[in-house]
Structures are given as C-alpha cells and as structure tokens.
Amino acid sequence: MQQPTSPIGVFDSGVGGLSILKAIRKQLPNENLLYIADSANAPYGDREPAFISKRALEIADFLYQANAKAIVVACNTATVVAIDALRANFTIPIVAVEPAIKPAAAVTRSGVVAVLATSRTLASSSVARLCERHGDGIKLMLQPCPGLVEQIERGQLASMQTQALLESYLHPVLSAGADTIVLGCTHYPFLEPQIRAIAGNSVTILDSAEAVARQLQRIINQTNPNHTSNNPTELFLTSGNAEATQGLISKLWENNIKVQTIAQILPGITPD
Ligand code: DGL
C-alpha cells in the first residue's frame, strides 16, 4: 500500500533520465525519489524492441515492489517501445516522456524544426503521430544521433569526439534553416551547452523535462497523497557497476551522491 512517503520511481537506460529527475525535484521538492539507471544495458537505442519491453516491465515491477506511488519512464526510447505494455500491466500511475514537437511547432519562426533522438524513437509510430498532429505547415527534420548516448554514458560531454558527432548532426539541420531544436532523448540536455555553442543564441532548444514534472505533479495531486517532509530523499540505483556510475551521476546531479546496485537494495528480485 502506497504511503505519502512512498517514492516516485524514475528510470532510464542510464544517466539520461537524471535530466527529468532534476525537473521533478524542482517541481516536487518534498517527495522521495528512487532513480534506476539500467546502465548494464545502456544504450537502449540499438536494442530490439522485445528486449527494451522486457527491461521496462522488469524495472517497473521492481519499482512496484519497492512501493512506488508513480513511475516515470524517463527515456523516450523505452516510452515508444513499452508504454502500452507498462500501462496494461501496472495500475499505479505511469508518466512518460515524449519529444517536445508540439511546443516546437508553436515557437518556430523559420518553420523548420529539428528533432534529435535515437533512431528507434524517430522511427516509432508515436513520433509519426506527433509529426502528423503538429507538423502542419512546418518542416520537421528527424535527425537520429547514434553515438551521443554512449558519449554521455562515458562522461564525455565536451570531448572532441562528442563535438564532432554534434557538428555532423547539427550542421545539416542548421543549414536547412532550423531555428528550433527538440532534444528528444533525455540524455541530450546534458549536451545543451555544446549544442548551444554550435547552434548559436538565436536557436530555441526544447526538452520535455518540465512538462513531465508538471504532468507528474498533476497526477500525484489527483491520485496519491503528497509527501510533505522537509527532508526528502533521493536513492540512486544501477543495474551496472555502482562504483563506475557514481562519479558520473554525482557530476550530472551536481551533488556527491552514493549509487547502489539494485541487488543491494532488494536482493532476490534483481532485474538483470
Ligand atoms: N535516454 C534515452 C532516451 O530518451 C536514451 C536511449 C538509449 O539508451 O539509447 O531515448
């Protein structure tokens, strides 16, 4: 049975979902948060849908057993593959992320919008639906960015290789006149300074983190008791090597935190 102190569970293939977790912490300052990085299996982008679905269901089951009051799928790729299965299998509220195509269509002045995401996200029917619904009269350029998630997982935010990848993905869309860039992968906000440096100050860069946090707040207000502690906790878990992940999560979370493996917390129901 969920209590006010029950955590909100948030997961991603790796560290990308921390960009969503930050917005959640800001929007819901009193809630206990439980973050799972499926680092042993990142990136999801190149994996078969059946594998991503299986992982999403296993992690959701773990969060359910940890008594989570809501689950946030902080991964666009897991959302497009597994959201229907997740909603069919769990009764607790599930909030998912999707690329910010709708707000981008509303703000573009040049009428050209670039959507950066994993190949799997961009090839999905959910993104096709978003493009159909909001793409009238504008040009939506779907730009897959293979390799970027790996660079971020390695902590290589400002390396020459990351810079070269970003330039190769951004130059075509910028020269086509894109004035709005949608970050359709939760890892990419951690590269926003590098993207800004290439794209310039006149370009609008949008991600979905605040929208997800607001949606989560609405759902928590409707369905669950709020937590009003002055001392909320954040628990960081990984399916990979805790020591290897701890430095990177601390850096991205901008605070020194401890990362534990899933097995250390709930032995016996370890997804692997
Ligand atoms: N953060 C995930 C997303 O939003 C990255 C996917 C991956 O692991 O390839 O899509």
Side-chain angles (χ1 to χ4, degrees), residues 9-24 35-60 71-83 85-86 94-101 104 114-128 130 142-157 162 165-166 169 181-192 194-195 205-213 215-216 236-240 244-245 248-249 251-253 271:
V10 180
F11 76 92
D12 178 43
S13 61
V15 296
L18 294 168
S19 63
I20 303 275
L21 198 73
K22 282 186 171 187
I24 293 174
Y35 184 81
I36 297 186
D38 194 11
S39 321
N41 297 298
Y44 280 172
D46 306 325
R47 299 210 177 246
E48 288 305 311
F51 178 86
I52 300 171
S53 251
K54 176 174 163 285
R55 290 303 296 164
L57 288 167
E58 285 169 347
I59 293 170
I71 293 176
V72 178
V73 186
C75 176
N76 290 269
T77 309
T79 298
V80 299
V81 173
I83 191 64
L86 286 169
I94 298 179
V95 178
V97 62
E98 67 178 19
I101 292 174
V115 186
L116 312 186
T118 66
S119 309
R120 180 143 331 274
T121 297
L122 294 178
S124 68
S125 54
S126 335
V127 166
L130 283 174
L142 306 184
Q143 175 63 61
C145 301
L148 281 188
V149 169
E150 288 89 332
Q151 289 300 102
I152 296 161
E153 288 293 321
R154 288 186 202 114
Q156 304 275 310
L157 303 186
T162 305
L165 283 172
L166 281 175
Y169 299 141
I181 296 174
V182 175
L183 306 182
C185 168
T186 56
H187 280 72
Y188 301 169
F190 292 114
L191 295 177
E192 187 166 341
Q194 288 76 13
I195 293 171
I205 302 173
L206 297 173
D207 66 52
S208 310
E210 280 177 24
V212 169
Q215 172 68 0
L216 174 66
F236 296 89
L237 302 182
T238 177
S239 60
T245 321
L248 180 58
I249 293 190
K251 176 174 156 186
L252 300 178
W253 188 246

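By convention here, the first residue in the shown sequence is residue 1. Atoms within each ligand, like the ligands themselves, are counted from 1 in listed order.
- Shown are T121, D12, T118, D38; of these, the side-chain hydrogen bond (donor to acceptor under 3.5 Å, both in side chains) with Y44 is made only by D38.
- Scanning all heavy atoms of the two residues, the minimum distance from R120 to V81 falls at CD-CG2, 3.7 Å.
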Is there a salt bridge (charged side-chain N to carboxylate O under 4.0 Å, His left out) between R154 and E150? Walk through the geometry before answering.
CA-CA 6 Å; R154 288 186 202 114; E150 288 89 332; over 6 Å; no

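- Those atoms of ligand 1 with a heavy atom of C185 less than 4.0 angstrom away are 1 (N), 2 (C), 3 (C), 4 (O), 5 (C), 10 (O).
- Within the listing of ligand 1, atoms 7 (C), 8 (O), 9 (O) sit less than 4.0 angstrom from a heavy atom of Y44.
- Look at C75 and you'll find a heavy atom under 4.0 Å from some atom of ligand 1.
- Considering D207, T186, T121, D46 only, the shortest heavy-atom separation from atom 1 (N) of ligand 1 involves T186.
- Close approach to S13 involves these atoms of ligand 1, each under 4.0 Å from a residue heavy atom: 5 (C), 6 (C), 7 (C), 8 (O).
- Two rings, from W253 and F236, have their centers less than 6.0 Å apart.
- For the pair T186 (side chain) and A74 (backbone), a donor-acceptor distance under 3.5 Å is present.
- Heavy-atom proximity to D12, at under 4.0 Å, picks out these atoms of ligand 1: 1 (N), 2 (C).
- If you look at N76 next to ligand 1, the close heavy atoms, those under 4.0 Å, come from the backbone and the side chain alike.
- Between the side chains of Q151 and H187, no donor-acceptor pair of N or O atoms lies under 3.5 Å.
- With hydrogens and angles ignored, the 3.5 Å screen pairs a side-chain donor or acceptor of S239 with a backbone N or O of S39.
- Within the set P189, S19, P99, G45, the minimum heavy-atom distance to atom 9 (O) of ligand 1 is found for G45.
- Annotation: atom 6 (C) of ligand 1 to nearest protein heavy atom, T77 OG1, 3.3 Å.
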